[in-house]
Amino acid sequence: MVVNQEFRRMDIGQQLIAEAEKLIIKNEGNAIVLNSGNRVERADAHKFYLDHGYYLKSSGFVKKLV
């Protein structure tokens with residue numbers, strides 16, 4: 001999920017995360033795994049997740065074959 005830039009800083013992302021967490025707990029889940037990319041332009045998103053109790057776990061890898 002990505003909140004459109006013009007609607008950021010309006011707690012929409014926080015509300016989406018909170019509802020997702022509630023839904024996962026309701027369905028007996030115990031974790032959320034997400035991928036936000038390792039690009040510099042994602043720094044604000046990374047800070048958002050860190051500020052909401054998420055922690056950096058791993059990096060992903062991609063290899064284009066064609």
Side-chain angles (χ1 to χ4, degrees):
M1 294 180 279
V2 177
V3 176
N4 186 299
Q5 190 167 357
E6 68 182 279
F7 297 104
R8 292 180 189 164
R9 312 267 187 250
M10 302 172 101
D11 290 333
I12 295 169
Q14 183 173 341
Q15 292 172 31
L16 288 168
I17 288 290
E19 289 302 316
E21 291 174 358
K22 285 180 196 174
L23 184 61
I24 289 166
I25 291 167
K26 179 181 174 184
N27 288 285
E28 301 181 11
N30 61 12
I32 293 179
V33 177
L34 60 88
N35 183 340
S36 183
N38 286 332
R39 299 182 315 273
V40 172
E41 61 268 22
R42 300 298 295 148
D44 287 343
H46 298 166
K47 182 178 179 336
F48 171 85
Y49 295 121
L50 290 168
D51 289 348
H52 287 85
Y54 290 75
Y55 59 91
L56 184 60
K57 176 72 174 146
S58 65
S59 293
F61 296 88
V62 174
K63 179 179 181 180
K64 293 186 179 185
L65 301 176
V66 180

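Shortest non-hydrogen contact noted between Glu6 and Met10 is O-SD, 4.2 Å. Counting all heavy atoms, side chain and backbone alike, Ser36 lies closest to His46 at OG-CD2, 3.3 Å. Smallest separation of non-hydrogen atoms from Ile12 and Phe7: CD1-O, 3.6 Å. Residues Phe48 and Ile17 share a closest heavy-atom pair of CE2-CG1, 3.8 Å.
Atoms NE2 and NZ, on His52 and Lys47 in that order, are 9.5 Å from each other to the nearest 0.5 Å.
In this structure Gln14 satisfies the side chain to side chain donor-acceptor pair (under 3.5 Å) test with no other residue, sequence neighbours excluded. Among residues two or more places apart in sequence or in another chain, the side chain to side chain contact (heavy atoms under 4.5 Å, CB included) test is passed with Arg8 by Val2, Val3, Gln5.
Lys63 is listed as a side-chain neighbour of Leu65, based on a closest heavy-atom distance under 4.5 Å.
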Which pairs of donor and acceptor atoms, one on a side chain in residues 23-35, lie under 3.5 Å apart (sequence neighbours left out)?
from	atom 1	to	atom 2	distance (Å)
Asn27	ND2	Leu23	O	2.8
Asn35	OD1	Gly37	N	2.8

